[in-house]
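Note sheet for the following structure.
What you are looking at is a predicted structure, and each value in this text was computed from that prediction instead of being measured.
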Amino acid sequence: MACKEVESVRVAVRCRPLSDDEKAGKYESIVAVDQLRGQITVHVPNARTKEERERSFLFDSVFGADAKQTDVYNETSRPIADAVLEGYNGTIFAYGQTGTGKTFTMAGKKEVPELRGIIPNSFAHIFGHIAKCGEGVQFLVRVSYLEIYKEEVRDLLSKNHSTRLEVRERVDVGVYVKDLTSFVVKSPEEMDKLMFIGDKNRMVGPTDMNEHSSRSHTIFTITVERSEMGPDHQQHIRMGKLHLVDLAGSERQTKTNATGDRLKEAIQINLSLSTLGNVISALVDGKSTHIPYRNSKLTRLLQDSLGGNSKTIMVVFDIT
């Protein structure tokens with residue numbers, strides 16, 4: 001099964017090509033990508049020593065400027081979508097600052113099949129799988145969309161999307177958001193429409209690095225319930241969740257010149273990203289006796305999809 005084909009937590013890095021402006025300015029790439037070895041090497045001009053001049057980093061998957069959208073999806077996200085369809089939980093994190101190509105990799109150009117990103121490919125993958133299943137298998141697909149803004153949870157699909165929602169926990173369902181809207185969907189197009197509506201309600205604000213900077217983390221959750229007749233002639237139900245998480249980029253105040261609300265937002269963004277890093281490090285280490293899920297709303301809400309038999313991929317975007 002797909003859940004056995006991929007490690008619990010993986011990290012992939014994609015480097016974008018030089019932009020037209022960078023080429024016109026005669027900038028040169030300082031990054032070399034070795035896809036077979038999963039290695040990225042950064043060449044630092046005018047460094048004093050050889051060690052400083054060339055530094056290499058290893059990841060589970062790396063993609064260079066010429067990588068194809070379908071290859072990125074098949075390598076990073078398809079195994080997780082397959083696992084969700086089998087009843088497991090999975091999370092796809094997208095992380096990258098302005099100008100690193102995150103939007104292209106995650107959304108792409110939906111009208112051109114070969115240029116579609118991870119999100120539309122995931123939507124099509126799920127319903128493509130459902131269409132191929134026999135009549136004896138039934139599916140129910142639901143979606144929700146929330147943002148975490150300054151550690152407050154908001155429903156992006158609600159008419160009152162600015163209302164703060166409470167995070168609760170019950171023995172029978174685990175951690176959940178009280179009164180979070182959920183919609184039943186029957187096609188990739190319906191999913192796409194709901195994501196578009198939610199994106200319009202997301203909190204954004206200007207900084208020196210980006211006029212429309214995301215000021216929150218968002219979680220688009222697809223819940224897939226599968227019901228089929230077992231050998232015992234009883235109906236068996238399996239449920240999996242796929243979380244598509246768009247992380248707000250970490251920020252340095254010296255670069256963004258953030259003040260007032262922008263500075264407070266940046267502090268909360270950096271704290272939650274730090275907690276996420278601590279959680280993933282503890283999971284990968286395998287020796288930690290305590291996983292700090294409760295230290296942020298982001299990790300607490302994703303607790304059932306991080307660690308255990310769930311699958312996680314962190315897709316990081318970087319400039320060339």
Side-chain angles (χ1 to χ4, degrees), residues 6-80 92-106 108 115 117-118 207-210 213 245-257 266 269-270 273-288 312-320:
V6 60
E7 299 172 7
S8 292
V9 181
R10 303 176 72 242
V11 178
V13 176
R14 186 179 194 182
C15 298
R16 67 160 175 80
L18 292 171
S19 67
D20 291 338
D21 288 342
E22 289 165 341
K23 292 177 181 177
K26 301 193 181 301
Y27 289 96
E28 295 182 358
S29 172
I30 63 169
V31 174
V33 178
D34 187 335
Q35 192 165 343
L36 290 177
R37 297 179 61 188
Q39 179 174 288
I40 288 180
T41 302
V42 180
H43 301 277
V44 183
N46 305 319
R48 295 179 180 178
T49 65
K50 182 179 179 181
E51 290 75 17
E52 293 177 344
R53 217 167 19 244
E54 188 174 287
R55 302 190 65 181
S56 296
F57 305 88
L58 292 173
F59 301 94
D60 295 292
S61 301
V62 297
F63 303 94
D66 57 349
K68 296 180 180 179
Q69 292 282 72
T70 52
D71 292 339
V72 174
Y73 176 73
N74 289 334
E75 174 72 19
T76 64
S77 306
R78 178 177 285 276
I80 294 181
I92 301 172
F93 287 103
Y95 177 74
Q97 291 186 332
T98 299
T100 55
K102 181 173 71 171
T103 299
F104 178 71
T105 298
M106 297 307 296
L115 295 181
I118 287 174
T207 70
D208 280 6
M209 292 183 68
N210 185 2
S213 173
V245 184
D246 186 0
L247 297 171
S250 62
E251 297 184 350
R252 293 183 180 179
Q253 195 273 337
T254 54
K255 287 189 175 182
T256 62
N257 289 321
I269 289 170
N270 292 342
L273 289 173
S274 176
T275 298
L276 176 62
N278 292 337
V279 167
I280 291 177
S281 294
L283 291 170
V284 172
D285 177 59
K287 299 177 183 179
S288 301
T312 300
I313 182 78
M314 172 76 76
V315 186
V316 181
F317 305 92
D318 200 0
I319 57 176
T320 297

To the nearest 0.5 Å, how far apart are [atom1] in [X] and [atom2] in [Y]?
| X | Y | atom1 | atom2 | answer |
| --- | --- | --- | --- | --- |
| Leu18 | Lys26 | CG | NZ | 12.5 Å |
| Ser274 | Ile269 | OG | CD1 | 13.5 Å |
| Ile30 | Thr41 | CD1 | OG1 | 11.5 Å |
| Ile313 | Ile80 | CD1 | CD1 | 5.5 Å |
| Ile40 | Phe59 | CD1 | CZ | 5.5 Å |
| Asp246 | Thr103 | CG | OG1 | 7.5 Å |

Review point. Between Arg10 and Glu75, is the closest basic N to carboxylate O distance under 4.0 Å?
Key: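 Arg10 and Glu75: salt-bridged.
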Which heavy atom of [X] sits nearest a heavy atom of [Y], and at what distance?
| X | Y | answer |
| --- | --- | --- |
| Tyr95 | Leu273 | CE1-CD1, 4.0 Å |
| Ala67 | Val72 | CB-CG2, 4.2 Å |
| Pro17 | Glu22 | O-OE1, 4.4 Å |
| Gly117 | Gln69 | CA-NE2, 3.7 Å |

Exercise for review: May I have the step-by-step check of side-chain contact (heavy atoms from CB on, under 4.5 Å) for Asp34 and Val62, ending in yes or no?
Suggested key: CA-CA 7 Å; Asp34 187 335; Val62 297; 5.8 Å; no
Exercise for review: State which residue, out of Val9, Leu247, Thr76, fulfils the side-chain contact (heavy atoms from CB on, under 4.5 Å) condition with Met314.
Suggested key: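 The single option meeting the side-chain contact (heavy atoms from CB on, under 4.5 Å) with Met314 is Leu247.
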Check your understanding: Between Arg14 and Gly101, is there a donor-acceptor pair closer than 3.5 Å when you use the side chain of the first and the backbone of the second?
Key ->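 No, because the side chain of Arg14 does not come within donor-acceptor range (under 3.5 Å) of the backbone of Gly101.
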**Study point:** Side chain Asp60, main chain Ala12, donor-acceptor under 3.5 Å
**Key:**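 Flag not set: sc Asp60 to bb Ala12 has no pair under 3.5 Å.
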Check your understanding: Got a sec: does the CZ of Phe57 have more than 12 other heavy atoms crowding it under 6.0 Å?
Key ->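 Buried by this count: over 12 neighbours within 6.0 Å.
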